[in-house]
Amino acid sequence: MSFRQVVKNISYSFGANIVSLGVSVLMVIFVPKLMPVEDYGKWQLFLFYFSYLGFLHFGWEDGIYLRYAGKTFEELNPHVFSGQFLGIIILQLAVTGLAFLFSHFFITDPIKETVFLCAISLAVFVNFNTGCNFIMQITNRIKDYARLILADRVLLLILVFSFLLIGFEQFKYMYIAKLVSMMAVSVLCFYECRRLWTTHIGNFHDICHEAGLNLEVGIKLMFANIASMLIIGIVRYGISIGWDVSTFGKVSLTLGISNFLMIFINSVSVVFFPILKRMDEQRLPEMYMQIRTILACVLFFMLIFYYPIKEILSWWLPKYADSLIYMSVLFPICLFESKIGLLINTYLKSLRKEALMLKINLISVGVAAIVTFLTIEVLHNLNAAVFSIVFLYAFRCEMAEHYMEHILQLKLKKAILAELFMAAIFITTSVLLDNWLCTIIYIVAYLGYMIANKNRVVAVKRMMRR
């Protein structure tokens, strides 16, 4: 792939994700302002459940992603893919039915049961759309992938604000907006991948054989990904059962603000995976250090804007002002999650180290379970629970970098310690001072960090000019 094509793909993906970021910003700014606190809590709990629907294919689609990465769209066999998508849809319908039975017998809170059923009913749409998105990513149809992201986010925004502006502020109308947007995107996905659909799908044995190959490859990656989400998911679930829906909504709002930067990171990782698959392995260590340097410099710079953003949000959302202090704790997770999402996971997938990804995430999930039990069941302390989130992200990131250091033969210990020191300065000054002085102290620390790493920054600049 030419450098010009890489830049075009990144621009398409960035463009779609900039719009997606804009939609997320508008949703965070206006939806909690216009919705009752309890209904906003239901909406956040719905989004929490919704975020796990993408794992209900049990690695089937991840196997397709890994096995067919690097092929062109024309090389994909319609007979094979029609059979696979039919099987995935049948699986989603079966899982949805079982989930309805589960909720009837095991979820006692009627509000949480209703929210759970609303989320699980979208599983078939979510995983059909995800499968189509995967196909467009691995075949380098980034422009079409970006178009679908745009359609989903813009349509959801229009529907949500249409309901809010006419006074329909309850959770059920937010759910209707999500349902309609998902169905509309499914129609677009069907159209974009229309060359793959045929009624001649082969026999049952062929479908099962292909599915077995995909599941065998993909289930490790799927478990690695779900374990990754469970690291924070366990803490969020603990908060949902330890406190009321309104408190869960407030903490989720802060997490949502903190995760805005991840939209950009995810847009770049989509483009880099097929590039790394084709890259000479001897260049991988050099590229790793270059991307890592750029990430650290950019993300530490973005943290400078924490206090102005917090002050504006405190004025705009007074009902949530008491929970916005958690932004100072949760903002640094962008650094740790960015290194995992853009660098480490992308590298491990390109090197086919899914088993190592799973090992890292399972260890982190175990630590998360222990920490959540201590902070919620033993201490029942919301502050400790929120602080544990950034600790868990940092723990997983640094453990993963230890393995990358060995695989790529790099020396990262000094860089890791410098980044942990910067994160500690940011959190400590923001929590203890909580005024403009914390910004001044952090800016001084950032300048010191840039001076200490000037050689690496210069090397990256030279590379970008080639």
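Hydrogens, waters and symmetry mates are skipped; everything else that's a heavy atom, side chains included, is used. Note that the numbering runs from 1 along the sequence shown for the chain.
Residues in residues 202-214 take part in these salt bridge (Lys or Arg N to Asp or Glu O under 4.0 Å) pairs, two or more places apart or across chains: R67-E210. Residue pairs meeting the salt bridge (Lys or Arg N to Asp or Glu O under 4.0 Å) criterion with at least one member in residues 31-50: none, sequence neighbours excluded.
Annotation: side chain to side chain contact (heavy atoms under 4.5 Å, CB included) contacts of S162 (sequence neighbours excluded): I158. Listed by chain and residue number, R292, K339 satisfy the salt bridge (Lys or Arg N to Asp or Glu O under 4.0 Å) test with E401 (two or more places apart in sequence, or in another chain). In this view, E405 and K413 satisfy the salt bridge (Lys or Arg N to Asp or Glu O under 4.0 Å) rule, not counting sequence neighbours. Judged as a ring pair (Phe, Tyr, Trp, His ring centres under 6.0 Å), and not counting sequence neighbours, Y237 has no contacts.
The aromatic rings of H205 and H209 sit parallel to each other, their planes meeting at less than 30°, with 60° as the upper class boundary.
Using modelled atom types, one finds a donor on one side chain and an acceptor on the other under 3.5 Å when comparing K359 with Y403. A side-chain N or O of S121 and one of Y175 form a donor-acceptor pair less than 3.5 Å apart.
In this structure, the ring of F163 has its center less than 6.0 angstrom from the ring center of Y173. Aromatic ring centroids of W43 and F46 lie under 6.0 Å apart.
The ring pair (Phe, Tyr, Trp, His ring centres under 6.0 Å) test with F81 singles out one residue from Y68, W197, F134, and that residue is Y68.
In summary, E337 and R396 engage in a salt bridge, as defined by a charged side-chain N under 4.0 Å from a carboxylate O.
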